[in-house]
Every structure is written in structure tokens, then in C-alpha cells.
Protein chains: 2
Amino acid sequence: MKSIEEQSRILKAIAHPHRMEIILRLKGDGCNVSEIQNSMDLPQSTISNHLLILKNAGILSSRREGTTVCYKIEIEEIKQILDILAGM
Amino acid sequence: MKSIEEQSRILKAIAHPHRMEIILRLKGDGCNVSEIQNSMDLPQSTISNHLLILKNAGILSSRREGTTVCYKIEIEEIKQILDILAGM
DNA sequence: TCCATATATTTCAATAATTCGTTACTATCG
DNA sequence: CGATAGTAACGAATTATTGAAATATATGGA
């Protein structure tokens, strides 16, 4: 069971419009960075930065697949939280 | 259905250890500010500021009861989200 | 009205987050 | 090996958040 500090670090990582969009995209099939970039009108470095923040928070993992990198949601509960928010 | 921006504004308001503790206290019976202050070792102005942030986000409402002020959680979903986090 | 208690507001310094251009790395292909 | 595509890291400018002291306001009672 995580401490309040850990819980709030996770929440803070999600609590940003761009990062929420990124997670929503990863919830479906989308996986590599280019796809995310193409669907969001932001510079590559900005997307990469947000991905790193989510990864450092333990929310995403990444693995290289040849020349691209595939990101994936590691914490199931994150999806539940986004679902609750989406239904508000 | 709220926009991503609105959703992230709500999340951002919760995503702070002090504010999460405040919400946890309000989930139970606790209600007025002094009780919260006494159970958390923080200056009054700090608590008051956090309460304001939560109120501005629409998460809490307040009503005066004589000399004290009673706060209450207005968004049920917030409790669900905290429950999910607590179970992680 | 004056006081004591409860809560809110203002304000400021310190710190942290955000964005994005540029540069560096990594893997594949010819 | 050199070129190219995908991604990460660096660094600087801007903006947001945090915590707390000082101050203000509200309420009820003497």
C-alpha cells in the first residue's frame, strides 16, 4: 500500500491535459511515439518529455522495437481513474 | 461530460499530499476547519489555502455554521478515485 | 461596543513545472 | 560506412505552485 506522497506523485503525473491525452491514446492500440505525435499537434521534444514524466512515475513502460519505441500503461488503476473522470 | 482540461484541473487540485489528506478527513465525519487543522500539523493559512484550491476546483463546498465553517465533498467520484489510489 | 475565536485573504520568496529549439543518440538500410 | 528515421537529453525562458507570515473579516458573547 503506497503512502499518500506516492499516491499524489502518481496523480500529479496524470494531472496534465497533454499527458491525459497521451494516456488515452495508449489505452487503445496506439503504442509508439510517432503515432502519438501525429495525433497531437506538439513538438517531438514536448511529447518525449511528457512520456518521460509518466515513465518516471511508473505509469508507463517502454521498450524499443527496432527504430521505434513502444510505450504501454503499467498501472491498471490509471485506466480506471481516467474512466471515472471521463464519465463525470 | 467534461473536457480534458476540466478533468485535469480537478485532478491537479487533488494531486497534493496535504489536499489528499484533507479530502480523506472529509470523507469520514470530520467537517470543520479546526478539526482538520488539529489533526494536521500545518499553519492555519496553509490549510485555508488548500481548502480554497479544492473549493475553486468544485470539489468541496462550504457553509458557515455559527462560528465555524463546514466543508463537504461535492463530487462523489473523487472518493472513488481516492479509494482506487488507496488500494494500490 | 470590545474581545476572543474561527476562518479568509493578501502577499512574497523559493521552488518546480512547462515548453520547445537544438543537439545527441540508436537502429536500420543501402 | 554514410544516410536517414525515430527518440531522448540538454538548456534556457517563461509560468505555476507552494508555504507561511501578516493582515483582514466574521461571529457570538460579555
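Letters go in sequence order (proteins before strands), and every chain restarts at 1.
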Practice prompt. Take the protein atom CG of L51(A) and the nucleotide atom P of dT19(C), then report the distance between them rounded to whole Å.
Written response: 13 Å
Worksheet item: Can you tell me how far C1' of dT19(C) sits from CD1 of I47(A), to the nearest Å?
Response: 12 Å
Worksheet entry | Donor-acceptor pair, side chain of R19(B) and main chain of A13(B), under 3.5 angstrom | yes
Discussion item. Quick check: any donor-acceptor pair below 3.5 Å linking the side-chain of T68(B) to the base of dA6(C)?
Written reply: no
Worksheet item: Choosing from dT7(D), dC20(C), dT9(C), which nucleotide comes nearest the side chain of L42(A)?
Response: dC20(C)
Worksheet item: Which is true for Q44(B) with a 4.0 Å heavy-atom rule: it touches a base, it touches only sugar-phosphate, or it touches nothing?
Response: base
Worksheet item: Looking for any heavy atom pair under 4.0 Å, which part of the strands does K12(B) touch: base, sugar-phosphate only, or nothing?
Response: sugar-phosphate
Discussion item. Using modelled atom types and a 3.5 Å cut-off, is there a donor and acceptor pairing between side-chain atoms of E6(B) and backbone atoms of S3(B)?
Written reply: yes
Worksheet item: If only side-chain N and O atoms of S34(B) are considered, is one of them under 4.0 Å from the OP1 or OP2 phosphate oxygen of dT7(C)?
Response: yes
Discussion item. Rounded to whole Å, please give me the gap between NE2 in H16(B) and C1' in dA16(C).
Written reply: 12 Å
Worksheet item: Over how many whole Å does the gap from N38(B) atom CG to dA6(C) atom P extend?
Response: 9 Å
Worksheet, complete the sentence: Side-chain contact check for P43(A): nearest option of dC20(C), dT18(D), dT7(C) is dC20(C)
Discussion item. Quick check on dG19(D): is either OP1 or OP2 less than 4.0 Å from any side-chain nitrogen or oxygen of H18(B)?
Written reply: yes
Worksheet entry | Check: S34(B) main-chain N/O paired with N38(B) side-chain donor or acceptor under 3.5 Å | yes
Worksheet entry | Euclidean distance, atom CG of residue L52(A) to atom P of dA16(C) [Å, nearest integer] | 17 Å
Response to the item:
M40(A) atom CE is separated from dC20(C) atom P, nearest whole Å, by 11 Å
Discussion item. Assess whether a salt bridge exists between R25(B) and E21(B), defined as any Lys/Arg side-chain N lying under 4.0 Å from an Asp/Glu carboxylate O.
Written reply: yes
Worksheet item: For the side chain of S48(B), counting heavy atoms from C-beta on, which of dT9(C), dT18(D), dC20(C) is nearest?
Response: dT9(C)
Worksheet item: Is the phosphate of dT17(D), meaning OP1 or OP2, less than 4.0 Å from a side-chain N or O of H50(B)?
Response: no
Item to complete: Give the rounded distance in Å between these two atoms: NZ of K55(A) and C1' of dT7(D).
Response: 11 Å
Item to complete: Starting at atom CD of E35(A), determine the distance to atom P of dG6(D), rounded to an integer number of angstrom.
Response: 11 Å
Worksheet item: Within the pair Y71(B) and dA8(C), is there a side-chain N or O less than 4.0 Å away from OP1 or OP2?
Response: yes
Report each atom pair, protein N/O against N/O of nucleotides 25-27 of chain D, whose distance is under 3.5 angstrom.
none

Worksheet item: With L51(A), which of T46(A), N56(A), V33(A) fulfils side-chain contact (heavy atoms from CB on, under 4.5 Å)?
Response: V33(A)
